[in-house]
Amino acid sequence: MPELPEVETVRRGLSPAMEGRAIERVELRRADLRFPFADRFAERLKGVRIERLGRRAKFLMAQLSSGEVLTMHLGMTGRFSIEGKGFEAFAHSVSNNVIHDHVVFHMEGGVTVTFNDPRRFGFMELYGVGEAEKSKRFAELGPEPLSNSFSSAYLSEILKNKSSPIKSALLDQRIVAGLGNIYVCEALFRSGISPVRKSSTIAGKRAEKLVPVIKDVIREAIDAGGSSISDFAQTDGKLGYFQHSFLVYGQEGKACKICDTPIMRISQSGRSTFYCTNCQK
DNA sequence: AAGAAGCCCTGATAGC
DNA sequence: TGCTATCAGGGCTTCT
């Protein structure tokens, strides 16, 4: 489900249920998700207040009153739902199997936040005071696509000696953090750049075109509440609607909206790439 | 050492 | 209907 716009949508949905509230109790229904939970995970969260729920790349980051930081990643199929007083409209409207409800946060005020993840590619981590910033995971992440540090100058510099296809480079979270398969395909189409083009040839003019397009696509997707493919839902069960704006993603064989050439699907480093061989050079 | 491929896991769908 | 194969929005690890 989740690339940056979906995670940001989830963050905004969870904020009223979590931000400023104490965690009364955490229920862990298994010992791991993708990775084992940290030592004493539930105990360390008990009675602690969530001061701020932020986001970095595709990670939700809860700043805790204990000084520790709880990070949550949705993987491919992770989702949150909210129940309780004031969140009646948020009832578990999705027909998800409860056997995949893995973590339940019992929040102050009788509100519960449940994490469900069938594939268990998602994970949660708990960093001690001052550890998150120092961790390899966060130190290695590239800039946020909407930040000023993600500029055409930056992208040109980092790509100028790279031989991998631009598609793969944009999926590399160390280069830019938060893009995934959908938004990379869409941004390359809108930029008229072929996904198979060598990264080094993007440096310069093409980067000047590409960077603003990436920012546009991400902004539009956030404004649309993300994209709902198969099962992504917001915390209130509503669907995002950016999927209606896809020009190439999932459009294999359909006519290109610009030139009518059938959209191609190819595989690059093990994932599908959709593009127009005529519009993208 | 960079880049590609394999793998983790479950569920939905297409094809026979 | 039921079986099998393929595919899925991510990211870590292992190969070449």
Side-chain angles (χ1 to χ4, degrees), chain A residues 1-10 29-36 55-60 71-80 94-102 115-125 135-142 145 158-188 195-200 214 217-218 221-222 224-234 239-246 248-253 265-274:
Chain A
M1 140 210 341
E3 301 180 32
L4 189 159
E6 289 74 37
V7 178
E8 179 59 24
T9 298
V10 169
R29 302 213 175 139
R30 42 180 305 130
D32 58 36
L33 291 170
R34 173 163 187 183
F35 307 118
R55 180 193 56 73
R56 173 75 172 105
K58 301 170 191 170
F59 291 84
L60 293 167
T71 67
M72 300 175 279
H73 195 290
L74 301 169
M76 296 273 266
T77 52
R79 73 197 334 179
F80 284 95
V94 271
S95 61
N96 239 5
N97 198 322
V98 292
I99 67 169
H100 299 306
D101 283 351
H102 304 310
F115 180 70
N116 179 292
D117 184 7
R119 282 176 83 178
R120 300 201 307 276
F121 284 179
F123 52 93
M124 297 188 186
E125 294 174 322
S135 72
K136 195 168 174 248
R137 178 188 298 295
F138 292 104
E140 285 186 349
L141 284 179
I158 204 160
L159 294 184
K160 72 177 184 201
N161 293 317
K162 272 192 100 61
S163 62
S164 65
I166 183 62
K167 163 80 186 314
S168 312
L170 293 177
L171 285 177
D172 185 340
Q173 303 294 297
R174 295 169 302 185
I175 291 176
V176 54
L179 302 184
N181 209 30
I182 291 179
Y183 298 112
V184 167
C185 289
E186 294 298 318
L188 286 172
V196 302
R197 176 175 278 285
K198 255 186 162 183
S199 295
S200 56
I214 289 172
V217 170
I218 294 296
I222 292 174
S227 301
S228 293
I229 305 193
S230 70
D231 63 353
F232 172 74
Q234 303 183 31
L239 300 179
Y241 53 90
F242 191 77
Q243 66 279 11
H244 303 302
S245 305
F246 291 170
V248 286
Y249 184 82
Q251 308 300 305
E252 181 183 14
R265 177 162 75 108
I266 60 171
S267 181
Q268 289 180 290
S269 33
R271 14 193 29 131
S272 290
T273 298
F274 298 89

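Both backbone and side-chain heavy atoms feed into the values below; hydrogens, waters and symmetry mates do not. Labels below follow one simple rule: chain letters A, B, ... track the order of the sequence lines, proteins then strands, and each chain is numbered from 1.
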### Query
Does a side-chain heavy-atom distance below 4.5 Å link A:Leu4 with A:Arg55?
yes
### Message
Quick one, A:Tyr183 and A:Ser227 - any side-chain contact, counting heavy atoms below 4.5 Å?
### Response
yes
Nucleotide nearest [X] when distance is taken to its side chain, options [options]:
| X | options | answer |
| --- | --- | --- |
| A:Arg34 | B:dC8, B:dT10, B:dA2 | B:dC8 |
| A:Ser164 | C:dG11, C:dC12, B:dG3 | B:dG3 |
| A:His100 | C:dG10, B:dA4, B:dT10 | B:dT10 |

Please confirm whether the backbone N or O of [Y] pairs with a side-chain atom of [X], one donor and one acceptor, at under 3.5 Å?
| X | Y | result |
| --- | --- | --- |
| A:Ser199 | A:Ser164 | yes |
| A:Asn181 | A:Ser272 | yes |
| A:Glu3 | A:Gly178 | no |
| A:Glu6 | A:Ile222 | no |

### Task
Mind running ring pair (Phe, Tyr, Trp, His ring centres under 6.0 Å) on A:Phe59 and A:Phe138 for me, showing each step along the way?
CA-CA 10 Å; A:Phe59 291 84; A:Phe138 292 104; 5.1 Å; yes
Using whole Å, what does the distance between atom [atom2] of nucleotide [N] and atom [atom1] of [X] come to?
| X | N | atom1 | atom2 | result |
| --- | --- | --- | --- | --- |
| A:Asn161 | B:dA1 | CG | P | 15 Å |
| A:Lys198 | B:dA4 | NZ | P | 11 Å |
| A:Arg174 | C:dG10 | CZ | P | 16 Å |
| A:Arg30 | B:dC9 | CZ | C1' | 10 Å |
| A:Asp172 | C:dC12 | CG | P | 11 Å |
| A:Ile175 | C:dG10 | CD1 | C1' | 16 Å |
| A:Leu179 | C:dG10 | CG | P | 10 Å |
| A:Glu252 | B:dT13 | CD | P | 17 Å |

Please determine whether a side-chain nitrogen or oxygen atom of [X] lies at a distance below 4.0 Å from atom OP1 or OP2 of [N].
| X | N | answer |
| --- | --- | --- |
| A:Lys162 | B:dA2 | no |
| A:Gln173 | C:dG10 | no |
| A:His73 | C:dG10 | no |

### Query
Is A:Phe121 stacked on the base of C:dG10 when the test is centres under 5.5 angstrom and planes under 30 degrees?
yes
### Message
Tell me if the aromatic rings of A:Tyr249 and A:Phe242 count as close, with their centers under 6.0 Å from one another.
### Response
no
### Task
Quote, to the nearest angstrom, the P distance that separates B:dC9 from C:dT14.
15 Å
### Message
In whole Å, measure the gap between the P atoms of B:dA5 and C:dC7 for me.
### Response
14 Å
#### Entry: side chain to side chain contact (heavy atoms under 4.5 Å, CB included) against A:Ser200, all qualifying residues, sequence neighbours excluded
A:Lys198
### Residue from A:Arg137, A:Lys136, A:Arg34 passing salt bridge (Lys or Arg N to Asp or Glu O under 4.0 Å) with A:Glu125
A:Arg137
Look for any protein N or O under 3.5 Å of an N or O in nucleotides 6-8 of chain C and output each such pair with its distance, or none.
unit_1	atom_1	unit_2	atom_2	d
C:dA8	OP1	A:Ser272	OG	2.5
C:dA8	OP2	A:Ser272	OG	3.4
C:dA8	N3	A:Arg119	NH1	3.0

### Query
Which part of the nucleic acid does A:Gln268 contact within heavy-atom distance under 4.0 Å: base, sugar-phosphate only, or nothing?
nothing
### Query
With sugar-phosphate meaning primed atoms plus P, OP1 and OP2, does A:Arg120 contact a base, only sugar-phosphate, or nothing at under 4.0 Å between heavy atoms?
sugar-phosphate
### Query
Which stems does DNA chain C form, counting runs of 3 or more consecutive Watson-Crick or G-U wobble pairs with both distances under 3.5 Å?
B:2-8 with C:10-16, B:10-16 with C:2-8
